[in-house]
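Proteins get letters first, then strands, A, B, ... in listed order; numbering begins at 1 in each.
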Protein chains: 2
Amino acid sequence: MRSRIEDVAAVAGVSIKTVSRVLNHEPNVRAETRERVMAAVTRLGYKPNLSARSLAGQRSYSLALVYNNPSRNYLMEIQNGMLEACHAHHYNLILGPVGIGRHTLPDLSALFENSRPDGVVLIPPLTDDAVVLDWLEEQEIPYSSIAPRDPDGHIGVRMDETTAVVELIAHLVAQGHRRIAHIKGPRAHGACQWRHAGYRQALRAAGIDYDPALVVNGQFSFESGITAANALLDLPEPPTAIFAANDDMAAAVYRVAGQRGLRIPRDLSVCGFDDTPIAGHIFPALTTVRQPTSSMGTIATEQLIERIRAAKGGRMVTVDHAVLVRESTQAPRRR
Amino acid sequence: MRSRIEDVAAVAGVSIKTVSRVLNHEPNVRAETRERVMAAVTRLGYKPNLSARSLAGQRSYSLALVYNNPSRNYLMEIQNGMLEACHAHHYNLILGPVGIGRHTLPDLSALFENSRPDGVVLIPPLTDDAVVLDWLEEQEIPYSSIAPRDPDGHIGVRMDETTAVVELIAHLVAQGHRRIAHIKGPRAHGACQWRHAGYRQALRAAGIDYDPALVVNGQFSFESGITAANALLDLPEPPTAIFAANDDMAAAVYRVAGQRGLRIPRDLSVCGFDDTPIAGHIFPALTTVRQPTSSMGTIATEQLIERIRAAKGGRMVTVDHAVLVRESTQAPRRR
DNA sequence: TTGTACGCGTTATCAC
DNA sequence: GTGATAACGCGTACAA
């Protein structure tokens, strides 16, 4: 049978409460006592029982990743990042897939009734779901937001997506493009407005008029990208470059271009956002914005843990972006 | 404060043991009593406390997905499938990423010392890791295998990959291909040998001699596919069709073909295996074998749960495959 | 068929 | 700075 706290106490010659103190880094323990306890812990290979801890301590030592409908790649990256932080801080990771619309809240509360995580990490579009946020506040559940539309008053992690896009579009402009189209993301994501804002801002800076016909809606999905790309390329005067709000939609542009016999980048320049694996795998390799998604998962988790430790702990961290110029963009052909 | 089992007992006018019986579907409870208890449960919105349950019952009501280095898409699908089954059977899902080689066992045992899952689902190449299997047997931990090299004596889920590949290659042969190359998977995977076996078997059936020069090694990664594709296309007499052992490597073939100015399928037919999202997203859409990965995760989990319930429960389930003929394969050009 | 009493391995309250 | 002892909420021999 595995050793219990009581065994450790016996070996160390102290009471179980003292062992508990040492294990939980509580004050009021003599250094010498602490060492004796730690020695006993090591000698017995003692591991605290999580269930007992949770039961007595009113917390589960687990964090939930709550999501409803993100892209698989994005989710996987965030998850890996969280896993790393959870591992480092001895937390468990709980997956919290929730339904959309009116299913969100019931699913979320069911998650809490069962697993009782000590806090949650929110990813878009849930990050900005007022219903969810209100519920969490009301229940006084600590949460950390990834890419929230409004960073003020929240902890978590974000990136300056607008600036990133400004740089990306500036690259296209520098190559000589002037008819640059944009496939937007879904309205519910802050990413949608930031990336669109960056697009407009860059055009303005370049002295290019904003043409609403060159901006179409997408849903971040490959399929929505197909529709959007077709709409753009059916234009009387089609764009020479297309900036898709994420890589999946950019991949869809590749497909539509291929079907129409257009060569990228010779006949059409394409760029995306996120730098998911597909960006480097499709041919020609996609020019895009690198987002350190995995790190963002790690950071969001660390901030959450600090918030759990202290009511005012944690902050909103801004991570760096990078424009990755690859093979899918070049100067437009002369007419 | 949330209701406890004692509150339910009070409302139903029975003892807590009876409530426990009802909740755990134990026998020896009158139907009428059972109903009274259930009514009380519903009325109070009672949810058992998982920690207390685990502590008293010596089990965690959680299952672990153990993996070391699978493709992201594959992992995500399996995970989603498991999540579904876990949800349905009120289990929690624990992620168990473990290191490779000598790190595997320590990581695995650490997972158990912390989270104590009631069972684990293994995916390749861990499914066939003798060290892992021995350890699990020794610890008497129930496990379920996905695509094990040797299905006998194990429970879990598999697919007849050899037959699937035979059908896939037969399709190429029917189109007139005779120089068909194969990029193999990593040796540690059963998938590597099954797919290779199907390849050879189909050639034999078609009366085509096996040419070792047309078979190169890959690692299932995109990068390894690049190397392999280059080797194949550098051949004095290059193949007219390439069967990559998975979709990621097939995507790499697309990239290399693109770089060399070869058009798919006009100049080269390509097919893969798995039907990951990328298969439908790249241009032209990839001919591949559909594997119901998510369902396989669900099935493996269900079998595991049966094994947990009964020492001899669960079995090895074989799921159906399907060859998806899309745009990447056509008759080879005449010389 | 139903109920009592104890144990699971921690944390936390208080006294010392 | 340290230690008895009572929770924490549920499962389960054992008794009835």
* Asked: For D:dG1, does OP1 or OP2 lie under 4.0 Å from any side-chain N or O of A:Arg21?
  -> no
* Could you check A:Met159, A:Gln303, A:Met296 and say which one makes a side chain to side chain contact (heavy atoms under 4.5 Å, CB included) with A:Val317? => A:Gln303
* Structure fact -> Taken to the nearest whole Å, CG/B:Leu50 to P/D:dG11 is 10 Å
* Asked: Within the structure shown, what part of the strands sits under 4.0 Å from B:Ser54 by heavy-atom distance: base, sugar-phosphate, or nothing?
  -> nothing
* To do: Report yes or no: do B:Arg158 and B:Thr318 form a side-chain donor-acceptor pair below 3.5 Å?
  => yes
* Base, sugar-phosphate, or nothing: which does B:Thr33 touch, judged by heavy atoms less than 4.0 Å apart? -> sugar-phosphate
* Asked: With a 4.0 Å cut-off on heavy atoms, is A:Asn28 in touch with a base, just the backbone sugar-phosphate, or nothing at all?
  -> base
* Asked: Is B:Lys17 paired with B:Glu26 through a side-chain N to carboxylate O contact shorter than 4.0 Å?
  -> yes
* Under-3.5 Å donor-acceptor pair between A:Lys17 side chain and C:dA12 base -> yes
* Does the side chain of B:Arg53 get closer than 4.0 angstrom to OP1 or OP2 of D:dG9 through an N or O atom? -> no
* Using a heavy-atom cut-off of under 4.0 Å over every strand shown, decide if B:Val19 touches base, sugar-phosphate, or nothing. => nothing
* Determine: side-chain N/O of A:Thr18 to OP1/OP2 of D:dG3, distance under 4.0 Å, yes or no. => yes
* Kindly say if B:Tyr61 contacts the phosphate of D:dC10, meaning a side-chain N or O under 4.0 Å from OP1 or OP2. => no
* Which nucleotide sits closest to the side chain of A:Ala56: D:dG11, C:dT10, C:dC8? -> C:dT10
* Asked: Checking all strands, does B:Ser20 fall into the base, sugar-phosphate, or nothing category for heavy-atom contacts under 4.0 angstrom?
  -> base
* Asked: Hey, does A:Ile16 reach any base, or is it just sugar-phosphate, or nothing, if we go heavy atoms under 4.0 Å?
  -> base
* To do: Please determine, by modelled atom types, if A:Tyr143 and A:Glu137 share a side-chain donor-acceptor pair under 3.5 angstrom.
  => yes
* Asked: Relative to the 5' end of DNA chain C, which residue comes earlier, B:Leu55 or B:Glu32, by the nucleotide with the nearest heavy atom?
  -> B:Glu32
* To do: Could you tell me whether A:Pro48 contacts a base, only the sugar-phosphate backbone, or nothing, with contacts defined as non-hydrogen atoms closer than 4.0 Å?
  => sugar-phosphate
* Asked: So do B:Val120 and B:Leu122 actually touch side chain to side chain, heavy atoms under 4.5 Å?
  -> yes
* Looking at C:dT11, D:dA4, D:dC10, which one has an atom nearest to any side-chain atom of A:Ser15? -> D:dA4
